Each structure stands twice: as structure tokens, then as C-alpha cells.
Amino acid sequence: MTPLFSVRGLEKRYGARIGCTGIGFDLWPGEVMGIVGESGSGKSTLLSCLAGHLPPDRGEVIYDGRDVLAMSEPERRMLARTDWAFVHQNPRDGLRMAVSAGGNVGERLMAVGARHYGDIRETATDWLGRVEIASDRIDDRPSAFSGGMQQRLQIARNLVTGPRLVFMDEPTGGLDVSVQARLLDLLRGLVRRMGLSAIIVTHDLAVVRLLADRLMVMKGGECVETGLTDQVLDDPQHAYTQLLVSSVLQV
Amino acid sequence: MTAMDAYNFAYLDEDTKRMIRRALLKAVAIPGYQVPFASREMPMPYGWGTGGVQVTAACLTPDDRLKVIDQGADDTTNAVSIRRFFQRTAGVEVTEETEDATIIQTRHRIPEAPLQERQIMVFQVPIPEPLRFLEPRETETRRMHALADYGLMQVKLYEDIARHGRIATAYAYPVRVEGRYVMDPSPIPKFDNPKLDDSPALMLFGAGREQRIYALPPYTRVESLDFDDHPFVASKADHACDICGATESYLDEVITDDQGGRIFVCSDTAFCRSRQEDRQ
């Protein structure tokens, strides 16, 4: 078996400051990796570099045997809307707020050449159902949706083309706790059923405990500890990881 | 000194006309591609056809015969003022007959009479970017054109069907040129879209405020975007002209009183008049 996604020696600098440096890992098909760390530790920079939103200064990113950084823009865009998906923290960044829910889900289909209205609508209805949005809301705009529904809609829009790799940037940030729990449950179900590989950036350890197989802890732009999620969370080795784990509030 | 001698031929100075002609040549070379040009201020407000007037000025020769229409009519304000503008600044002959004209500047219509090879159509364009209301960033729309990334255009049509049960876009209906660039055909009714396809005449589009020129060379393939199960239909009012009786021309609805009285008449006044004359 070969890894689906490989990263070697990735570095991104903002002038003299380090965004992230010396990052390397392999992601295997069906595996979910969590990236945790405090604000400013370079998590989001790393994710943007991986997803091709930011050009890294050094290192290589290989997806399915192809060098992502050497790809042309059309190839990368094609990849970003077929094999990849990106779930933003704020659904407003990932949705078109002036376009109906059905149009939002259908956009990726139409972008890859779907030209049959009935089929597009059927697929969109199906996907709204899978993320627990009532089918009679298909023609409503996302601005009429609650925060949790918007986030679920964004997930449907991303998964509709059957991607193999999903990037998530704080998918549960900004949602209240009960909605978070439902969203996590939904995500876990989708990831398992579709056999997705995913990279989840978050500062919420509960999210990675629930979703991630493997964990990477970042501090100051560097990876300080990696390992299986339970192993890292139950027996943290690095001082910073220990701090992070002990900072979780117990109710 | 007569008014004629007070201006350079066709108002614009020669350097400006050269600049516009170069933009036109590039536009013809890349059908449907929006070429930026240094639009000049014209002695009329934006929205009154400053782009079309500049293109016409750059194309005019003293031997040309000019026709100007506004929504198909030769006798409305916009048409009359632009026609008079070129009579005064270029001294060219003008006509109302589509067949006699060598250059036809138009706002929002293509004449009913078939166009010919020696003719140039000049369209006045308010918003040249078909993706504008879907994607407000110019940098992004230009990249989308560069990559032929047109899924978003289809989303607009999807929204139309979702909301109205059919593609309700009735004018400025997006077209794809030679299977490559998606283009806004200016706010012509979609009834006129099929006339763009494989037309023997050269079609030039000028947007003055937005500083863009684009073109369709003669015999260019122009397809209207649609869905497989919701094909493009060139629609018009289901009526005959109340003056000339034509059933195949595009009609305007005219309110005649405050009792609900209305008539449908040809929007192309020259076409309607010639049919009336034939009947007499």
C-alpha cells in the first residue's frame, strides 16, 4: 500500500517569521489525522499550504503519486473540486450565500460538467438528506439557515463529488456544544462510511479524540509530537502536549 | 467654419482610434475574450453608449452608411442623438434601412432583416462580464475565464429553474463562443441569441465605463448555455404585431391607456415600416 498523501520538509515563512517548518508525514487511505496546537502555532498556515491555497517556500506535497506543488492551476483546481474537499471554519467562506442550498451543492457537480438539471437536483436532495437538512429547504438561501445547518450544508457541498481527501479547518468552531456534538457524530459517520481520508485542524481536543486516528501536535510552527490519538492524549510526552491535555476543562 | 471642420473625423483623435482598432483586432483574434482598452470620456454620459460610440468612431470611414437603433427603434432618444452625433462629427450618410447600412450601432437588439457579410454590428454593453453578479472580484473572474472555469455560470441557470421552473433569464443570456469563452451578448433579448451564431456580419461589443471590447468574427459558433433537460428557447411574446401582423419578429408591449389596453408591436421599427409599405 502506498500513502495517499505525503508531505516532506514543508516550510512556509512570512518574511523572517516562521509560519510552519520541517513538517513531514504520510496519510494513508481512510485515515484521519488531527492537527492540534494553540492559536498561532501554524496549524492553519500548514493546512492552507497542504490544500494549495498558499504556496510553501520549501518541501514537497505528493498526492496519489502526483506532485501537487508542480501542478498547473487548472489541474489543481480540478483536483480541488473532485478528489479534494475543503471545509472552512466559517461556512460563509465556503458557501455562496446568495445561491440556494441546492445550487450550492450542485455547483461542484456543474463545475465538473453535469448538465442535467433533474439529476443535479436529485443528487442535491439526496445530499441534503444525508446531512440532515429537510428537503423542503433546498431552495432557501444559506443566509436563512442556522449556523449548524450552514456548516452541514458546507459539508454536503464538499462531499457531493465523492472526494478522497478532506481538509477541515476547525469544522466545529463557532457552534454551540450540542450542535457541535451532532455535527461530529455526522462527520464521523460520513468519514467512516465513505472511507475518506481527512486532515482536521482544531484546538478542540474532544474533536480529535472523536474523529482522528492519528494526532500531530504543533507549537511555534513545528511539529512537537505525533502518534496515535489515544496514545498522545493519554500519555503525552512533550511538555507542551502535557500542558495542552491538562488544560482541558473537566465538567 | 462648419461644424464638420471643428472636429477630427468621427470626433476621436487618430491616436485614440488607433488604440481602439488595436483592441478590436485583438478581440477579433480571440473571439469572446474581453480586451481592456483605454476608454475615453465622450460627450455623453456613461450608460448612453459611450463604448459603442467609440467602437463606431474607430470603424467609420467617409464612405460608410450608418444606422443607429435603440431597442430596435430608429427614432428613440438614444438612437437619434448618436446618429446626429456622427452626422455632425463625421458627415457620413445615415440610413434607417438595415440592408443599406454598412455599420449598425445598436442598443439591446439585433435587426430582424438578415445581416450580410459587408456589415458591422456595434453593440453598446453596460456590463461586459457575464460572471459579474455571481463573482464580484475582477481578479477571480479573469482567472475563471483564463481557466475556462464556467461551472458558476451554470449555477445561475440552475437558480433560475429552481426559482421559476424554467430558465427565466430573458435578456443578456450567456453564450459560449467557439466552445471556449463565455460571453455576455449585451442585453439583447434571448430571442436574438440565435442570430449571433454563424452570422455573416462582424459583431463588435464596446463597454465604455467598464473599458472592455470584445468581438465575434463572421461565422463564429455561438451557443447559448442551457441544461440537457431544460434546453435554450428563443422566446418572444406569443402574439402577432398589431401594426404589420408579423408573427416572426420580436415584439414590444405598448400600454395604450389606463384601462388595461395594450398592443404588441415590432420592436424593429424599420422592419415594421417596410412590411407596412409592402402591404400598401
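Just the heavy atoms: all of them, side chains too, but no hydrogens, waters or symmetry mates, feed the values below. In the text below, chain A, chain B and the rest are named by the order of the sequence lines, each starting its count at 1. Model, not experiment: these values are computed from the prediction.
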Donor-acceptor contacts under 3.5 Å from residues 192-200 of chain A side chains, at least two apart:
from	atom 1	to	atom 2	distance (Å)
A/S197	OG	A/W28	O	3.3
A/S197	OG	A/G30	N	2.9

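- Listed by sequence position, B/R143, B/M144, B/L147, B/D149, B/G151, B/L152, B/Q154, B/V155 are the residues of residues 143-157 of chain B in contact with chain A, using a 4.5 angstrom heavy-atom cutoff.
- Of the listed residues (B/Q71, B/R109, B/E253, B/E112), just one forms a side-chain hydrogen bond (donor to acceptor under 3.5 Å, both in side chains) with B/S267, and that residue is B/R109.
- Around the OH atom of B/Y171, the shell of radius 6.0 Å holds no more than 12 heavy atoms that belong to other residues, nucleotides or ligands.
- If you measure heavy-atom distances from A/L109 to chain B, you find no contacts under 4.5 Å at all.
- Comparing A/G102, A/G106, A/S72, A/A111 by heavy-atom pairs within less than 4.5 Å of chain B, the highest count is held by A/G102.
- Interface summary for chain B: among A/S100, A/P74, A/A98, the most heavy-atom pairs under 4.5 angstrom belong to A/S100.
- Taking a cutoff of 4.0 Å between a charged side-chain nitrogen and a carboxylate oxygen, B/D228 and A/R115 do not qualify as a salt bridge.
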Without placing hydrogens or testing angles, list every side-chain donor-acceptor pair under 3.5 Å for residues 126-134 of chain A, not counting sequence neighbours.
from	atom 1	to	atom 2	distance (Å)
A/D126	OD2	A/R130	NH2	3.2
A/E132	OE1	A/R182	NH2	3.1

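- For A/D140, the side chain to side chain donor-acceptor pair (under 3.5 Å) criterion is met by A/R137, not counting sequence neighbours.
- With a threshold of 4.5 angstrom between heavy atoms, A/R96 approaches chain B through side-chain atoms but not through N, CA, C or O.
- The residues A/D26 and A/R8 are annotated as salt-bridged, a charged nitrogen and a carboxylate oxygen being separated by less than 4.0 angstrom.
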For this session: Begin with the C-alpha distance, continue with both residues' side-chain angles, and end with the deciding distance and a verdict on salt bridge (charged side-chain N to carboxylate O under 4.0 Å, His left out) for B/D184 and B/R132.
Result: CA-CA 10 Å; B/D184 182 343; B/R132 176 59 66 236; over 6 Å; no
